[in-house]
2 protein chains.
Amino acid sequence: MAEVSAPPTRRLEILSAAAELFARRGYHGVSIGDLGRAVGLTGPALYRHFRGKEALLAEMLLDISERLLTEGRRRVAAADTPEVALDALLRWHIDFALDNPALITVHTRELGSVPQPERREIRRLQRAYAEEWVRVLLLMHPEAAEDRARAATHAAFGLLNSTPHSTGELDRDTMATLLHAMASEALTGAFRS
Amino acid sequence: MAEVSAPPTRRLEILSAAAELFARRGYHGVSIGDLGRAVGLTGPALYRHFRGKEALLAEMLLDISERLLTEGRRRVAAADTPEVALDALLRWHIDFALDNPALITVHTRELGSVPQPERREIRRLQRAYAEEWVRVLLLMHPEAAEDRARAATHAAFGLLNSTPHSTGELDRDTMATLLHAMASEALTGAFRS
DNA sequence: GTCCGATGTTAATCAACGTTAACAGCGACC
DNA sequence: GGTCGCTGTTAACGTTGATTAACATCGGAC
């Protein structure tokens with residue numbers, strides 16, 4: 001009764017396992033057989049859930065991009081000042097990256113493996129998400145050039161998205177606080193001089 | 001007379017083209033045929049220069065790791081204070097990343113595609129390079145935990161290595177200065193509180 | 001109780017890939 | 001001027017991979 005539509009639990013299970021494998025070995029380094037085996041099926045069974053390997057990747061990246069953008073926009077809209085907005089964006093991105101290291105890894109690496117036209121759509125979403133950051137930064141530094149704000153944003157993403165490569169020596173809260181501090185300072189430093 | 005040994009220009013040409021392709025499409029996304037074509041040869045011609053595709057990748061990553069470590073160590077040894085050492089490391093890494101965006105990309109992504117035992121050796125070199133940074137940071141902040149210094153180092157790497165993804169809107173000098181400022185501030189902020 | 005759609009399986013197809021074999025040109029050195 | 005090593009080529013081989021076909025099971029709707 002609570003479930004209005006069919007529970008596509010298998011799809012999600014596959015997507016989750018695929019994210020893990022793609023993050024570890026790269027899209028081309030993982031076969032359909034590997035993906036099936038990871039969820040206790042044979043390779044061809046995946047075609048009951050996805051149109052093909054590329055479609056699976058496309059759906060995964062599309063979902064990530066949409067989640068990042070939607071919640072990012074929501075938080076910016078809810079903020080009263082650019083400073084608060086930036087803080088909210090930082091917390092959102094850090095939470096997402098710490099909760100979904102595999103997704104972040106795939107998201108930053110495998111765009112090139114997605115076929116058109118999904119590729120274009122994903123790029124659009126990624127850019128829109130980045131532009132939220134740029135917009136906030138420009139509100140905080142009205143005299144700054146857009147170019148600089150964009151470059152600073154990408155550098156901050158690089159810093160935040162490095163989490164998966166830090167072999168979890170710090171506990172989650174400490175790591176979140178550290179990343180927040182470092183990215184904050186970096187983004188401030190980007191507009192001094 | 002100036003050339004003591006044979007000039008292996010073809011090898012370097014291939015390695016350079018391979019770096020570009022691996023960075024763009026990933027190791028598994030590039031075929032031997034692609035690599036040959038990129039330097040005006042057929043696929044099998046590559047076997048005159050490398051034992052195979054994996055050996056080519058291994059040599060590439062090994063070379064990068066060695067260059068980073070050697071010059072990093074040199075600069076740290078030449079510095080009188082940790083502050084000067086950190087500045088020197090930052091400049092070195094930024095120069096390397098801006099001059100060799102493809103190499104940096106492959107270096108951070110494709111370790112997993114290198115077979116043992118080269119993989120272990122590359123990891124060792126990468127770790128040793130990171131430890132140079134950690135050592136300098138701990139000299140600057142003797143009270144800090146090693147874990148934190150290591151995590152901060154990896155985050156800084158993420159920031160610096162993001163260059164290839166910033167679609168070169170800023171000119172090189174501006175970008176170098178921006179990255180230096182952001183990474184400096186980030187690494188300082190990592191040890192406040 | 002039957003039918004059917006959803007979800008699996010195994011077997012088959014076809015292309016692509018890494019690698020090796022067999023052969024050719026060519027320039028250096030005796 | 002002949003030989004040889006270096007660096008190419010094309011053809012062939014064996015494997016793997018994505019995808020499709022043909023067939024099985026099973027649970028719920030009528």
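Below, chains carry the letters A, B, ... as their sequence lines are ordered, and counting in each starts from 1. Bear in mind that the values here come from a model prediction, so they are computed numbers and not experimental data.
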Provide, to the nearest angstrom, the distance between the CG atom belonging to A:L41 and the P atom belonging to D:dA24.
20 Å
Review item, side-chain donor-acceptor pairs of residues 44-56 of chain A, under 3.5 Å, at least two apart:
from, atom 1, to, atom 2, distance (Å)
A:K53, NZ, A:Y27, O, 3.1
A:K53, NZ, A:V30, O, 2.7

With a 4.0 Å cutoff (strictly under), does any side-chain N or O of B:H49 reach OP1 or OP2 of D:dG8?
yes
Classify the ring geometry of A:F157 against A:Y129: parallel below 30°, tilted from 30° to 60°, perpendicular beyond 60°.
parallel
Mind calculating the distance between CG (A:L46) and C1' (C:dG8) to the nearest angstrom?
11 Å
Per the salt bridge (charged side-chain N to carboxylate O under 4.0 Å, His left out) rule, what does the pair list look like for residues 91-112 of chain B, sequence neighbours excluded?
B:D87-B:R91, B:D95-B:R172, B:D99-B:R172
B:E185 side chain near A:T188 side chain, heavy-atom distance below 4.5 Å
no
Any side-chain heavy-atom pair from B:H93 and B:L89 closer than 4.5 angstrom?
no
A correct 5'-to-3' footprint of nucleotides 13-26 of chain C, with B, S and - meaning base, sugar-phosphate only and no protein heavy atom under 4.0 Å, is ----SSBB-BB---
Gap between atoms CD1 and P, on B:I14 and D:dT7 respectively (whole Å)
10 Å
Answer yes when B:R150 and B:E146 have at least one side-chain N-carboxylate O distance shorter than 4.0 Å, and no when they do not.
yes
